K.L.:
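Following this message is one structure expressed as structure tokens.
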Amino acid sequence: MALQAASLLPATISIHKEAKSSAALKETSLFGVPFSTHPRTELGSPLAIGQELRKKDVSAGIIRAQTAATTPAVDQAASPGKKTLRKGNVIITGASSGLGLATAKFLTETGRWHVIMACRNFLKAEKAAKSVGIAKENYTIMHLDLASLDSVRQFVDNFRRSGMPLDVLVCNAAVYLPTAKEPTYTAEGFELSVGTNHLGHFLLARLLLDDLKQSDYPSKRLIIVGSITGNTNTLAGNVPPKANLGDLRGLVGGLNGLESSPMIDGGDFDGAKAYKDSKVCNMLTMQELHRRYHEETGITFASLYPGCIATTGLFREHIPLFRLLFPPFQKYITKGYVSEEEAGNRLGQVVSDPSLTKSGVYWSWNKNSDSFENQLSKEASDAEKARKLWEISEKLVGLA
Ligand code: LMG
Ligand code: NDP
Ligand code: PMR
């Protein structure tokens, strides 16, 4: 059984006001990131609370009933005048290494979050959680292989059977295949980078929207990790090969490399470009979710560039010389480097900080590690392209 049923204590803890100053922030980064004087978002006002909790069928018997499922988000009876909040439940895909793991560590250490680590390798995830010292009661590992749509659907079923409410979803997992000469494919035959990073997450997010809607947590969020390298309004985004979705003809054809190109724009296979294209899809999807669902559901949709975490497993397929030189290059030359810990702290803020509730935003951080609303490239903010991407993706994952 690839499930560890963690017992979720009905943790009652005080709502923690951790909002930082709302002073306007100025971007100071030298490379690629536009100057910004956007004011900080306002303190998030708690959304409607006390909505009716869903009752999950936990009769399948493979997972113990979780107390959190029947615990309202805010316990107003606890002590007069003092509202308490149960632990939030956050699903993080790809939490077995890098940014996902660092975020899981950050959030569980606050004592206010239970992390569902959605990972393709159960043993690796278990070892990873242990190695960074996440307490047993603060995480649950559930199997998810984003390179298989059946696995995505199975994951959603398993999660629902657990009876846990879903408060935040973080689409973080990704593969990067810069040295691949030939394309490889997901179970359904989509080119692996876009298939995993975009299409797998697209189906996951669409299915779990219902679960998010039913949560009574004060601030519900759906976060998709983006990147600077998908944004051609930056220097980093101009390092060849550049992201470009073209007219999406390859995606329309199913990215299968047979009767259609494996690349979204219909061109020849290039693994680095496929990754950057997938990040553009991630950022467009976040905005389309915002346009379609924010007003109706109150869910905060967000994306971010966490900084250049040059030491993660993302670069495992790159040549050894690159892996050796890339971290010092980013540390000392571009100064875009951030540690896994710092990046986990940043994504953790987007999950939980009361000041980051604005929806439709692509967050970045300046040199002082202050967050600001960043500008996306022309293509990554093209609403018409986002709509087309949405409609084609729906067909490919079997939702339309
Ligand atoms: C493509 O090549 C591949 O074709 C593709 O398969 C895929 O791998 C893709 O994005 C991934 O890359 C990209 C190619 C294009 O880049 C390179 O080949 C460069 C490799 C460099 C790797 C980065 C490590 C750099 C190591 C430098 C050594 C640093 C040592 C640090 C020690 C510090 C100690 C104090 O690249 C280009 O074509 C370059 C064109 C880039 C366009 C932007 C131009 C900006 C110019 C500004 C220069 C800034 C400084 C440069 C760095 C100098 C390095 C010394
Ligand atoms: P890592 O390789 O360390 O983490 C990626 C995670 O995704 C791993 O846990 C991996 O699982 C998981 N994963 C890969 N394929 C699948 C799959 N088919 N199903 C389920 N999980 C899968 O890289 P990072 O931590 O660097 O990357 C995390 C996110 O950050 C990505 O979205 C990336 O695009 C983004 N990002 C990273 C930057 C960086 O500089 N590193 C910069 C900007 C954005 P496993 O452990 O089993 O391999
Ligand atoms: Mg890049 C100027 C700043 C800057 C930043 C913030 C990044 C981030 N990179 C910058 C500059 C440059 N890079 C320059 C000038 C070069 C040419 C020498 C360069 C090269 C380069 C390569 C070959 N950079 C890379 C690669 C990769 O293989 C990485 C990649 O593109 O993966 C898709 C990468 C990255 N640079 C970044 C970041 C964050 C990456 C990691 C990829 C990501 O997740 O987006």
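All figures in this text were calculated on a predicted structure; none of them were measured in a lab. Residues take their numbers from the sequence shown, with the count starting at 1. Ligands are counted one by one from 1 in listed order, and the atoms in each one are counted from 1 as well.
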K.L.:
Please identify which atoms of ligand 2 are closer than 4.0 Å to at least one heavy atom of S227.
P.N.:
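Result: 43 (C), 44 (C).
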K.L.:
Which atoms of ligand 2 have any heavy atom of G98 under 4.0 Å away?
P.N.:
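Those of ligand 2 that fall under 4.0 Å from G98 are 3 (O), 25 (O).
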K.L.:
If the cut-off is 4.0 Å to any non-hydrogen atom of L314, which atoms of ligand 3 fall inside it?
P.N.:
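Selected atoms, number and element: 44 (O).
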K.L.:
How far is atom 44 (C) of ligand 2 from the closest protein heavy atom, and which atom is that?
P.N.:
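That would be G226 O, 3.4 Å.
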K.L.:
Going by the closest heavy atom to atom 13 (N) of ligand 2, which one wins out of A95, S96, A173?
P.N.:
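Going through A95, S96, A173 one by one, A173 has the nearest heavy atom to atom 13 (N) of ligand 2.
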K.L.:
Are E341 and K105 within salt-bridge range, i.e. N to O under 4.0 Å?
P.N.:
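Looking at K105 together with E341, the answer is no, because their closest N to O distance does not fall below 4.0 Å.
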K.L.:
Is the shortest distance from a heavy atom of R316 to ligand 2 less than 4.0 Å?
P.N.:
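Contact present.
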K.L.:
At a non-hydrogen distance cut-off of under 4.0 Å, which region of K279 contacts ligand 3 (side chain, backbone, both, or neither)?
P.N.:
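No part of K279 comes within reach of ligand 3.
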K.L.:
So for T196, does at least one of its heavy atoms come nearer than 4.0 angstrom to any atom of ligand 2?
P.N.:
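Distance cut 4.0 Å: T196 passes for ligand 2.
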K.L.:
Measure the distance from atom 40 (O) of ligand 2 to every protein heavy atom, then report the residue, atom name and distance (to 0.1 Å) of the closest one.
P.N.:
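Heavy-atom neighbour on the protein nearest atom 40 (O) of ligand 2: I309 N, 2.8 Å.
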K.L.:
Between F315 and Y176, how do the two ring planes meet: parallel, tilted or perpendicular, split at 30° and 60°?
P.N.:
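Perpendicular.
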K.L.:
Below the 3.5 angstrom mark, is there an N/O of D145, backbone or side chain, next to an N/O of ligand 2?
P.N.:
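Looking only at distances, the answer is yes, because the N/O contact criterion of under 3.5 Å is met.
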K.L.:
With a 4.0 Å heavy-atom cut-off (strictly under), which part of K279 contacts ligand 2: side chain, backbone, both or neither?
P.N.:
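Near ligand 2, K279 shows its side chain, while the N, CA, C and O stay back.
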K.L.:
Suppose I only count heavy atoms of C308 and a 4.0 Å limit; which atoms of ligand 3 are within that range?
P.N.:
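Close to C308: 37 (C), 38 (C), 39 (C).
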K.L.:
Does D216 come within less than 4.0 Å of R86, counting only side-chain N to carboxylate O?
P.N.:
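Here D216 pairs with R86 in a salt bridge, since their nearest N and O are under 4.0 Å apart.
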K.L.:
Verify whether one side chain among R346 and S369 offers a donor that lies under 3.5 Å from an acceptor in the other.
P.N.:
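There is such a pair (donor and acceptor under 3.5 Å, judged by atom type) between the side chains of R346 and S369.
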K.L.:
Just by distance, with hydrogens left out, do N374 and S364 show a side-chain donor and acceptor under 3.5 Å apart?
P.N.:
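Distance-only check passes for N374 and S364.
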K.L.:
Does any N or O of ligand 3 fall below 3.5 Å from an N or O anywhere on Y305, backbone included?
P.N.:
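Among all N and O atoms of Y305, none is under 3.5 Å from an N or O of ligand 3.
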K.L.:
Is ligand 2 less than 4.0 angstrom away from at least one heavy atom of C308?
P.N.:
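Contact check C308 vs ligand 2: positive.
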K.L.:
Between the candidates N172, V225, L314, which shows the shortest non-hydrogen contact distance to atom 31 (C) of ligand 2?
P.N.:
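Answer by nearest heavy atom: N172.
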K.L.:
Tell me whether R206 at atom CZ has more than 12 heavy atoms from other residues, nucleotides or ligands lying less than 6.0 Å away.
P.N.:
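More than 12 within 6.0 Å, yes.
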K.L.:
Which residue and non-hydrogen atom of the protein lie closest to atom 25 (O) of ligand 2, and at what distance in Å?
P.N.:
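It is L99 N, 2.8 Å.
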K.L.:
Just checking E384: does its CD atom have more than 12 heavy atoms from other residues, nucleotides or ligands closer to it than 6.0 angstrom?
P.N.:
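Result for CD/E384: enclosed.
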K.L.:
Below 4.0 angstrom from a heavy atom of A147, which ligand 2 atoms are there? Numbered from 1 as shown, please.
P.N.:
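So the atoms of ligand 2 that pass are 18 (N).
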K.L.:
N231 and Y362: side-chain donor and acceptor closer than 3.5 Å?
P.N.:
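Yes, Y362 and N231 have a side-chain donor paired with an acceptor closer than 3.5 Å.
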K.L.:
Short list, please: which atoms of ligand 3 are under 4.0 Å from a heavy atom of H318?
P.N.:
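So the atoms of ligand 3 that pass are 28 (O).
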K.L.:
Rounded at 0.5 Å granularity, tell me how far OG in S227 sits from CG in L304.
P.N.:
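Going from the OG atom of S227 to the CG atom of L304 covers 9.5 Å.
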K.L.:
Below a 4.0 angstrom heavy-atom separation, can you tell me which part of T234, side chain or backbone, both or neither, approaches ligand 3?
P.N.:
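For T234, there is no contact with ligand 3 at all, from either part.
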K.L.:
Measure the distance from atom 8 (C) of ligand 2 to every protein heavy atom, then report the residue, atom name and distance (to 0.1 Å) of the closest one.
P.N.:
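The closest heavy atom on the protein side is S97 OG, 3.5 Å.
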K.L.:
May I ask which of R120, K124, M117, K276 has a heavy atom nearer to atom 15 (N) of ligand 2 than the others do?
P.N.:
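It is R120 that holds the nearest heavy atom.
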K.L.:
Quick test: of every protein heavy atom, which one is nearest to atom 34 (O) of ligand 2, and how far off is it to 0.1 Å?
P.N.:
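Answer, as residue, atom name and distance: Y275 OH, 2.5 Å.
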K.L.:
Quick check: Y305 and ligand 2, any N/O pair under 3.5 Å apart?
P.N.:
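It does not: no N or O of Y305 is found under 3.5 Å from an N or O of ligand 2.
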K.L.:
Can you tell me if N172 uses its side chain to pair, donor with acceptor, with the backbone of T93 under 3.5 Å?
P.N.:
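Flag set: sc N172 to bb T93 pair under 3.5 Å.
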K.L.:
Please identify which atoms of ligand 2 are closer than 4.0 Å to at least one heavy atom of V175.
P.N.:
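The atoms of ligand 2 under 4.0 Å from a heavy atom of V175 are 14 (C), 15 (N).
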K.L.:
Look at K388 together with E391 and state whether they make a salt bridge at an N to O cut-off of under 4.0 Å.
P.N.:
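E391 and K388: not salt-bridged.
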K.L.:
Between T285 and S303, does a side-chain contact (heavy atoms from CB on, under 4.5 Å) hold up when you go through it step by step?
P.N.:
CA-CA 9 Å; T285 300; S303 185; over 6 Å; no
K.L.:
How are the rings of H290 and F301 set to each other: parallel, tilted or perpendicular (split at 30° and 60°)?
P.N.:
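Plane angle over 60°, so perpendicular.
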K.L.:
Which of these, F326, Y337, F329, has its nearest heavy atom closest to atom 15 (C) of ligand 3?
P.N.:
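It is F329 that holds the nearest heavy atom.
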K.L.:
I need the nearest protein heavy-atom contact for atom 20 (C) of ligand 2: residue, atom name and distance, please.
P.N.:
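Residue, atom and distance for the closest contact: L144 O, 3.2 Å.
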K.L.:
Within the distance-only criterion (no hydrogens, no angle test), does the side chain of S151 pair as donor or acceptor with the backbone N or O of D145 below 3.5 angstrom?
P.N.:
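Flag set: sc S151 to bb D145 pair under 3.5 Å.
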K.L.:
In the protein, which heavy atom is nearest to atom 42 (C) of ligand 2, and how far is it?
P.N.:
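Scanning the protein heavy atoms, the shortest distance from atom 42 (C) of ligand 2 goes to G307 O, 3.5 Å.
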K.L.:
F202: what forms a ring pair (Phe, Tyr, Trp, His ring centres under 6.0 Å) with it, not counting sequence neighbours?
P.N.:
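F202: ring pair (Phe, Tyr, Trp, His ring centres under 6.0 Å) contacts with H198, W390.
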K.L.:
Keeping the roles fixed (side chain from R120, backbone from L146), state whether a donor-acceptor pair exists under 3.5 Å.
P.N.:
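Answer holds: no.
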K.L.:
Judged by modelled atom types alone, do S355 and D353 share a side-chain donor-acceptor pair under 3.5 Å?
P.N.:
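A donor-acceptor contact under 3.5 Å links the two side chains.
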K.L.:
Give the atoms of ligand 3, by number and element, whose distance to some non-hydrogen atom of K276 is under 4.0 Å.
P.N.:
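Atoms satisfying the 4.0 Å criterion: 31 (O), 33 (C).
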K.L.:
Regarding ligand 3, does T334 bring an N or O atom to under 3.5 Å of one of the ligand's N or O atoms?
P.N.:
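No; the residue has no nitrogen or oxygen that sits under 3.5 Å from a nitrogen or oxygen of the ligand.
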K.L.:
So, 4.0 Å and heavy atoms of Y176: is ligand 2 close enough to count as a contact?
P.N.:
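The answer is no, since Y176 has no heavy atom less than 4.0 Å from ligand 2.
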K.L.:
For S227, counting its heavy atoms only, list the atoms of ligand 3 lying under 4.0 Å from any of them.
P.N.:
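Taking each heavy atom of S227 in turn, ligand 3 has 43 (C), 44 (O), 45 (O) under 4.0 Å.
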K.L.:
Looking just at side-chain N and O atoms, do Y139 and E126 make a donor-acceptor pair shorter than 3.5 Å?
P.N.:
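Judged by distance alone, the side chains do pair up.
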K.L.:
With the threshold set at 4.0 Å, does a side-chain nitrogen-carboxylate oxygen contact exist between K213 and D210?
P.N.:
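Answer for the salt bridge query: yes.
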K.L.:
So is L146 polar-close to ligand 2, meaning N/O to N/O under 3.5 Å?
P.N.:
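The answer is yes, given that L146 and ligand 2 share an N or O pair closer than 3.5 Å.
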K.L.:
Please state which protein non-hydrogen atom is closest to atom 5 (C) of ligand 2 and give its distance, to 0.1 Å?
P.N.:
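Checked against all protein heavy atoms, atom 5 (C) of ligand 2 sits closest to A174 O, 3.7 Å.
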K.L.:
If you measure from atom 22 (C) of ligand 3 to every heavy atom of F315, Y275, F322, which option wins on shortest distance?
P.N.:
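Selected option, by shortest heavy-atom distance: F322.
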